[in-house]
Structures are given as structure tokens and as C-alpha cells.
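Below: the structure, in C-alpha cells.
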Amino acid sequence: MGAPFSRRWFLLSSAMASSVSGLAGIDTVAHSQSVPQRPGNLLVISSGNGIKAVEKAMAILEAGGSTLDAVVEGVALVEDDPEEDGVGYGGLPNADGEVELDASVMSGPTGAAGAVGALKYIRNPVRVARLVMERTSRVFLVGEGALRFALAHGFHKEDLLTEKSRQRWLQWKEELSDKDDWVAPPNKAPQKPERPQGTINCLAIDAQGDISGVTSTSGLAFKMPGRVGDSPIIGAGLYVDNRVGAAGSTGNGEANIKVVGAHSVVEFMRQGRSPEQACLETLKRVVDLYRGTPPNLSFYALNKSREFGAATLFKGAKYCAHDGSRAVVRESVWLLEKK
Ligand code: ASP
């Protein structure tokens with residue numbers, strides 16, 4: 001198969017275009033979006049679904065809490081929201097109709113990390129990831145072992161599938177094929193064939209320059225049971241270096257794992273790139289890897305100087321930022337545009 005849409009994509013940013021290889025047929029358009037920066041003492045950023053998370057995280061920082069408390073509890077609030085279908089309680093389930101959650105956390109001041117993958121029945125994987133970090137000598141627990149660990153720490157099992165998510169899964173299952181035994185009800189309008197993705201990434205820096213980050217997700221909707229994406233993988237879905245900055249991602253997990261995205265963003269910042277440029281440089285690696293047909297992916301980053309930014313492969317992503325005065329939602333800069 002070739003790249004059916006590549007001729008209709010625009011590579012935005014002439015600087016980017018000059019160094020992206022293997023993109024025959026993609027038009028280039030000069031593009032630059034300056035992101036106003038308001039350096040202050042405290043800063044929290046998140047993916048576009050994190051407005052409540054940045055507000056909660058900022059309130060924790062202003063009350064004297066650590067960046068770790070701020071990002072974990074900010075994201076836990078979104079995990080609790082049944083209307084947020086890509087994270088925690090109410091997240092869209094796997095192909096068998098079971099919700100499996102992934103999360104990671106990193107603390108800059110200690111350099112510690114924790115993660116859980118394919119965790120069932122526990123609505124706040126971010127809190128379990130924190131406990132893996134603080135209460136084990138390991139970094140990553142998955143599946144049944146992660147669940148047993150959570151139960152040992154007093155978490156309670158609950159059904160994470162809301163009625164709304166169950167209905168969406170059932171419709172997906174019934175419309176999947178006309179060669180299986182599942183049949184859609186008559187007169188029901190088919191849903192869009194896409195499988196939504198959704199994840200929250202949240203990063204914070206405090207007045208001392210300490211940085212922490214979290215990424216949490218229910219993963220690709222209707223995924224293969226046991227499939228784990230980038231979100232709980234330290235270096236892919238999240239990376240924090242207290243001397244440099246932090247980065248995280250949302251979007252196609254497989255693409256991100258292959259470029260070890262969040263770590264790459266932090267390394268580009270270490271070399272002197274701004275957060276926004278570091279995100280764009282890493283997205284170029286995805287474009288190079290996939291040649292004409294990259295799946296969508298977004299990065300979010302902040303640095304030690306409290307500059308921040310976000311970039312996405314395809315135009316349309318947003319991110320949130322709170323500098324202590326107010327929370328704003330901004331458009332991420334983009335590399336390619338589907339016309
Ligand atoms: N990155 C997540 C995953 O691949 C999904 C997403 O962000 O939408 O599991």
C-alpha cells in the first residue's frame with residue numbers, strides 16, 4: 001500500500017521541511033506560531049482535556065504542595081470524571097468490553113519513576129503508579145500483579161465501565177463485521193468507524209524549579225486485551241529530568257514507543273531547543289519513520305526556565321497551561337495538515 005493521503009498533507013514550518021526526509025509529494029508551507037510565554041514561579045501544563053487538572057494542580061502548588069502531589073491529584077480528578085472517555089472511570093474499554101488502564105509518574109527531585117499497565121478495576125491508576133514508585137523497589141507493574149499490588153494498598157475493585165461506554169463498545173462490536181454473530185439493532189444509525197484515543201498528560205514546575213509529570217489513559221478504544229501503549233512507558237509517554245525539563249504525549253502509542261518520544265523531547269531541550277521546537281523535532285522523527293503515513297501524535301513540554309509548548313503532527317490539538325494567574329487553552333503548533 002502506498003500513502004493515499006500524502007499528497008494532500010502540508011508540512012508546516014519551512015525550517016522543519018528542510019530537514020524532514022522521505023516526504024516526496026508533501027507540499028511545504030512556511031509556518032510559525034509564536035507562543036506567548038509568561039514566566040512565573042509556578043507553571044502547570046496538560047493535554048487539551050486537562051483544564052480541571054491544571055486548575056487543581058495549581059491550587060495544590062499554591063497551597064505549598066509538591067509538584068508530585070499536584071500532577072497526581074490533578075490527573076486523579078480527571079480519572080474520576082465519567083464523562084472523560086479516554087481516562088480512568090468511564091474510559092472506553094478493550095475489545096472484550098473491559099476497561100484496562102495505563103499510567104506513569106516521574107518525580108524530578110528524586111529521579112524516581114513508577115508505572116502500571118493493563119490495570120483493571122481501579123479508577124485511579126495514577127495513584128497506583130505513584131505507589132509503585134514510592135513503595136516498591138521496581139518501576140513497572142502490569143495486569144494481575146498491578147491489581148494485587150493496588151488491593152494490598154487498600155484500593156477497592158469497581159466496575160469502571162459506565163453505561164455510556166458500554167453502549168459505545170456494544171455498538172462498535174455489533175458494527176464490526178457482518179460475518180460474526182453480533183447484529184446491530186434495526187434503524188440504528190451507524191457510529192463513526194474511528195476508534196477514539198484519549199489520554200491526559202500533566203507536567204508541573206514549582207518555585208524551587210522542581211518538576212514532576214504524569215500520563216494516564218484507558219488507551220486506544222477497543223484495543224486488543226493486554227495491549228499497552230506509550231503512556232506508562234517511561235521515556236515514551238513521559239519523561240522528567242529535573243535539570244532540564246519534562247515532556248509527555250498523547251496519541252498513537254505505537255508510533256511514540258518507536259521514537260521514545262518524551263525522552264527525545266527532553267534531550268532536544270537539553271541541547272538548547274525550546275519546548276515547542278523540541279516537540280516538533282521529535283515529531284519529525286515519527287514522520288521519517290512512517291514515511292508518507294504517520295499516525296497522529298502530540299507532545300507537551302516545559303523546561304527549567306518555565307518556557308513551555310506543545311506540538312502535534314496533524315493540526316487540531318489543544319493544550320492547557322496555568323501560570324498561577326489563570327488557566328488557558330491553546331492550540332498546539334502542528335507539522336502536517338490534512339486538507
Ligand atoms: N497514547 C495512548 C495509547 O496509545 C492513547 C491516546 O493518547 O489516545 O494508549
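For ligands, and for the atoms within them, numbers begin at 1 and follow the listed sequence. The residues of the chain are indexed from 1 along the displayed sequence.
- Across Lys223, Arg195, Arg227, heavy-atom proximity to atom 9 (O) of ligand 1 is greatest for Arg227.
- Looking only at heavy atoms of the protein, atom 7 (O) of ligand 1 is closest to Thr199 OG1, 2.5 Å.
- Taking the centre and axis of the six-membered ring of Phe222, the NZ or CZ atom of Arg195 falls outside the cone set by 45° and 6.0 Å.
- The shortest side-chain heavy-atom distance between Phe268 and Thr282 falls under the 4.5 Å cut-off.
- The nearest protein atom to atom 8 (O) of ligand 1, hydrogens excluded, is given as Gln197 CB, 2.5 Å; this is a heavy-atom distance.
- The residue Asn256 has no part lying near ligand 1, judged by heavy-atom distances below 4.0 Å.
- Using a 4.0 Å cut-off between heavy atoms, Ser249 makes no contact with ligand 1 at all.
- A salt bridge between Asp323 and Arg306 is absent, with no side-chain N of the basic residue lying under 4.0 Å from a carboxylate O of the acidic one.
- Between Lys164 and Glu83, at least one side-chain nitrogen of the basic residue sits less than 4.0 Å from a carboxylate oxygen of the acidic one, meeting the salt-bridge criterion.
- An N or O contact shorter than 3.5 Å is missing between Thr250 and ligand 1 by distance.
- Checked against a 3.5 angstrom limit, the closest N/O atoms of Gly251 and ligand 1 fall inside it.
- Any N or O atom pair closer than 3.5 Å counts here, and Gly198 shares at least one such pair with ligand 1.
- For ligand 1, none of its N or O atoms has an N or O atom of Asp102 under 3.5 Å away.
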